[in-house]
Amino acid sequence: MSLDNNQLLRFTTAGSVDDGKSTLIGRLLYDSKAIFEDQLEAIQNTSKKKGHEGVDLALFTDGLRDEREQGITIDVAYRYFTTPKRKFIIADTPGHIQYTRNMVTGASTANAAIILVDARHGVIEQTKRHSFIASLLQIPHVIVCINKMDLVDYAEESYNKVIEQFEEFSSKMLVKDVRFIPISALNGDNVVNRSENMDWYQGAPLLHTLETMHISSDINKVDTRFPVQTVLRPQSDEHRDYRGYAGRVASGILRVGDEITALPSGFTSKIKSIDSFDQSLEEAYAPMSVSVTLEDDIDIGRGDMIVRTKNQPETLQDIEVMLCWLNNASAKSRAKYSIQHTSNDQKAMIKEVVYKYDINTLDRNKEDKELNMNDIAKVKIRTTKPLMVDPYRENRTTGSIILIDDATNETVAAGLIV
C-alpha cells in the first residue's frame with residue numbers, strides 16, 4: 001500500500017454561475033461510484049419530477065433547498081469521497097460576487113483549486129476573480145477545467161484559446177502549478193474516464209490528476225512551529241510527574257533531543273519525549289496532534305509556541321494583513337476585536353486600511369477606506385500582546401488570523417499575514 005492511500009487532498013471548485021461546477025462534482029461522485037444507492041434513488045426521483053431525461057448530476061451537491069429550487073449554489077457545500085488511491089474533501093463554493101467570503105472560507109485549507117471555464121465564453125471577469133483569490137490564498141495547485149467542450153464540437157482550437165487567455169493574465173499571479181484539462185462534465189469526458197471525443201488531448205483525466213498530484217511538499221517542513229493548545233497534568237500514579245504540552249504541529253518536524261525555545265518567554269530546553277494518544281514517538285510532523293514533554297520545567301501555557309531555537313518566527317504587535325471582511329456590518333474605525341492566531345487569543349484594533357482590491361479589475365483603491373462584506377483589503381492591525389507569526393506564503397497556519405466581534409461573538413474577518 002502506498003503512503004498516498006492515506007493522504008487527504010482538499011480541493012475547492014470555483015467558476016461562474018453556469019459553468020457547471022455542481023455537475024462536475026456530481027459526475028466525479030457518480031462515475032467514481034462514491035454515491036449511496038438511496039441518494040441516487042432520491043436524485044433520480046427529483047430529476048424525473050423536474051422533467052429531466054437522465055440524472056441531474058448537479059443535485060448531488062446542491063444540498064440546500066433554495067439551491068435546488070433556483071438551480072444555483074449559495075453556500076459552501078462540503079463533500080467527502082474516497083478512491084482506492086486517496087481520500088478527498090471537496091468544497092463547492094458559490095460563483096457570485098456577493099459570495100466572495102464563502103469562496104475565501106472554502107478555499108483557505110485547500111491543496112488544489114479547480115477553476116471551471118466555459119469553452120464557449122473563455123476567460124471572463126469571474127474566472128479572473130476566482131483565480132486571483134486562489135493566488136491570494138496561496139493554493140499550491142490550480143487545475144483549469146475547460147468545460148462544455150461538447151458545445152464547441154470538442155475543438156482543440158477552443159481549448160488552446162482558453163489556455164492562451166488564462167496564461168496572459170495569470171502571469172502576474174503567484175500560482176506555482178497550473179494544469180489545463182478539456183472536459184464535458186455533462187457527458188463525462190475526461191472527468192473520471194478518458195474522452196474518446198478528444199484524442200488530441202494526451203494528458204490525464206481530472207480524477208487521475210487529483211489522485212496522483214504530489215501534495216506532501218505543500219506542507220512547510222523547514223520551519224518547526226508547535227502552538228500549544230493545552231497543558232496535560234494527569235493526576236494518576238502512573239504519570240504523577242507528567243507535564244505535557246499538547247497541540248497540533250503547524251509545520252516542520254519535532255524530534256526527541258531537539259533544542260527548542262518557548263515563545264514569547266524565550267526560555268530554552270530540549271524535547272524529552274513526544275507522545276501520541278497510544279504510543280511514544282521519536283518524531284512528529286505537520287499535521288500530527290501530539291503531546292511534548294521537555295527536560296526543563298518551563299512555564300508554558302495555551303497560546304505559547306514551541307519552535308527550534310535556531311529558526312524562530314517573528315514576534316510582532318504591529319501586523320500587516322490581507323483581510324477579507326465576512327460580516328454584514330462594516331468594520332468600525334479603531335474598534336477593538338478579538339484576534340485568534342493558532343491557539344493564541346488576544347485583543348486587536350484595525351489601525352489603518354492601506355488599500356482595497358477592486359475584485360473585478362484587481363486594481364488597488366487607496367481612497368475608499370470602508371470595509372464592507374466581501375471586501376478584500378490590506379490593513380494594519382495592532383495587538384495588545386505580541387503574536388508569533390510567519391508570512392502566509394511561507395506558512396498557512398501561523399500566517400493566518402481571524403477577527404471576532406466581542407459583542408456578538410461573530411467571526412467578522414479572515415486574514416493572511418503579508
Any side-chain heavy-atom pair of [X] and [Y] under 4.5 Å:
X: Thr383; Y: Asp318; result: no
X: Ile181; Y: Val144; result: no
X: Gln312; Y: Thr261; result: yes
X: Phe11; Y: Leu210; result: yes
X: Lys221; Y: Ser251; result: no
X: Ile401; Y: Val321; result: yes
X: Leu323; Y: Ile350; result: yes
X: Val249; Y: Pro287; result: no

May I ask you to check whether over 12 heavy atoms, not counting those of [X], lie within 6.0 Å of atom [atom1]?
X: Asn328; atom1: CG; value: yes
X: Phe277; atom1: CZ; value: no
X: Arg179; atom1: CZ; value: yes
X: Asn45; atom1: CG; value: yes
X: Tyr355; atom1: OH; value: yes
X: Lys369; atom1: NZ; value: yes
X: Gln279; atom1: CD; value: yes
X: Gln317; atom1: CD; value: yes

Walk me through whether Ile90 and Phe81 qualify under side-chain contact (heavy atoms from CB on, under 4.5 Å). CA-CA 8 Å; Ile90 313 168; Phe81 79 105; 3.6 Å; yes

The single option from His341, Gln340, Gln346 passing side-chain hydrogen bond (donor to acceptor under 3.5 Å, both in side chains) against Asn344: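 Considering His341, Gln340, Gln346, a side-chain hydrogen bond (donor to acceptor under 3.5 Å, both in side chains) with Asn344 is found only for Gln346.
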
Asp358: which residues meet the salt bridge (charged side-chain N to carboxylate O under 4.0 Å, His left out) condition with it, sequence neighbours left out?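 Salt bridge (charged side-chain N to carboxylate O under 4.0 Å, His left out) check on Asp358 returns nothing, list empty.
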
What residues, two or more places apart in sequence or in another chain, satisfy salt bridge (charged side-chain N to carboxylate O under 4.0 Å, His left out) together with Lys148?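 For Lys148, the residues satisfying salt bridge (charged side-chain N to carboxylate O under 4.0 Å, His left out) (neighbours in sequence not counted) are Asp118.
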
What is the distance from atom [atom1] of [X] to atom [atom2] of [Y], rounded to the nearest 0.5 Å?
X: Arg225; Y: Thr398; atom1: CZ; atom2: OG1; result: 6.0 Å
X: Ile417; Y: Leu387; atom1: CD1; atom2: CG; result: 7.0 Å
X: Asn193; Y: His208; atom1: CG; atom2: NE2; result: 12.5 Å
X: Ile133; Y: Ser108; atom1: CD1; atom2: OG; result: 12.0 Å
X: Ile300; Y: Phe226; atom1: CD1; atom2: CZ; result: 9.5 Å
X: Leu371; Y: Lys356; atom1: CG; atom2: NZ; result: 6.5 Å

Under 3.5 Å, is there a donor-acceptor pair between the Asp368 and Asn365 side chains?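 On atom types as modelled, these side chains do not qualify, holding no pair under 3.5 Å.
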
[X] to [Y] - nearest heavy-atom pair and separation:
X: Ala110; Y: Arg396; answer: O-NH1, 2.9 Å
X: Ile183; Y: Asn190; answer: CG2-O, 3.6 Å
X: Val162; Y: Gly122; answer: CG2-CA, 4.0 Å
X: Pro227; Y: Ala250; answer: CD-CB, 4.0 Å
X: Ser338; Y: Lys347; answer: OG-NZ, 3.3 Å
X: Gln7; Y: Ser216; answer: NE2-CB, 3.6 Å

Please check if the side chain of [X] supplies one atom and the backbone of [Y] the other of a donor-acceptor pair under 3.5 Å.
X: Arg27; Y: Leu186; answer: yes
X: Asp375; Y: Asn372; answer: yes
X: Asn220; Y: Glu394; answer: yes
X: Arg194; Y: Gly203; answer: yes
X: Asn147; Y: Leu116; answer: no
X: Asn160; Y: Glu157; answer: no
X: Ser343; Y: Val228; answer: yes

Would you call [X] and [Y] a salt bridge, using N to O less than 4.0 angstrom?
X: Asp258; Y: Lys270; value: no
X: Glu320; Y: Lys378; value: yes
X: Lys336; Y: Asp406; value: no

Which pairs with one or both residues in residues 389-418 pass ring pair (Phe, Tyr, Trp, His ring centres under 6.0 Å), sequence neighbours excluded?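 Output for this query is empty, none listed.
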
Determine which pairs satisfy ring pair (Phe, Tyr, Trp, His ring centres under 6.0 Å) with at least one residue from residues 151-174, sequence neighbours left out, and list them in order.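 Found Tyr159-Trp200, Phe166-Phe169, Phe166-Phe180.
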
Does the pair Ser276 and Asp278 meet the rule for a side chain to side chain donor-acceptor pair (under 3.5 Å), with working shown? CA-CA 6 Å; Ser276 72; Asp278 62 348; 3.2 Å; yes

My understanding is that only residues two or more places apart in sequence, or in another chain, count here; which of them pass side chain to side chain donor-acceptor pair (under 3.5 Å) with Ser195?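 Only Asp189 meet the side chain to side chain donor-acceptor pair (under 3.5 Å) criterion with Ser195.
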
Checking Thr268 against Glu259 for the side chain to side chain donor-acceptor pair (under 3.5 Å) test, could you report, in this order, the C-alpha distance in whole Å, the side-chain angles of both residues, the deciding distance, and whether it holds? CA-CA 7 Å; Thr268 58; Glu259 191 175 305; 5.4 Å; no

Working note: Ser291 + Asp275, criterion side chain to side chain donor-acceptor pair (under 3.5 Å); need CA distance, chi angles, decisive distance, verdict. CA-CA 5 Å; Ser291 168; Asp275 304 300; 4.9 Å; no

Residues forming a side-chain contact (heavy atoms from CB on, under 4.5 Å) with Glu164, sequence neighbours excluded: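 For Glu164, no residue satisfies side-chain contact (heavy atoms from CB on, under 4.5 Å) once neighbours in sequence are set aside.
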
Begin with the C-alpha distance, continue with both residues' side-chain angles, and end with the deciding distance and a verdict on side-chain contact (heavy atoms from CB on, under 4.5 Å) for Thr230 and Arg302. CA-CA 5 Å; Thr230 188; Arg302 177 179 170 83; 5.8 Å; no

Between Asn327 and Glu410, is a side chain to side chain donor-acceptor pair (under 3.5 Å) present by the stated rule, with each step listed? CA-CA 8 Å; Asn327 203 255; Glu410 287 178 17; 2.6 Å; yes

Do Met388 and Val307 pass the side-chain contact (heavy atoms from CB on, under 4.5 Å) test, and can you show the C-alpha distance, the side-chain angles, and the key distance before you say yes or no? CA-CA 10 Å; Met388 289 70 77; Val307 301; over 6 Å; no

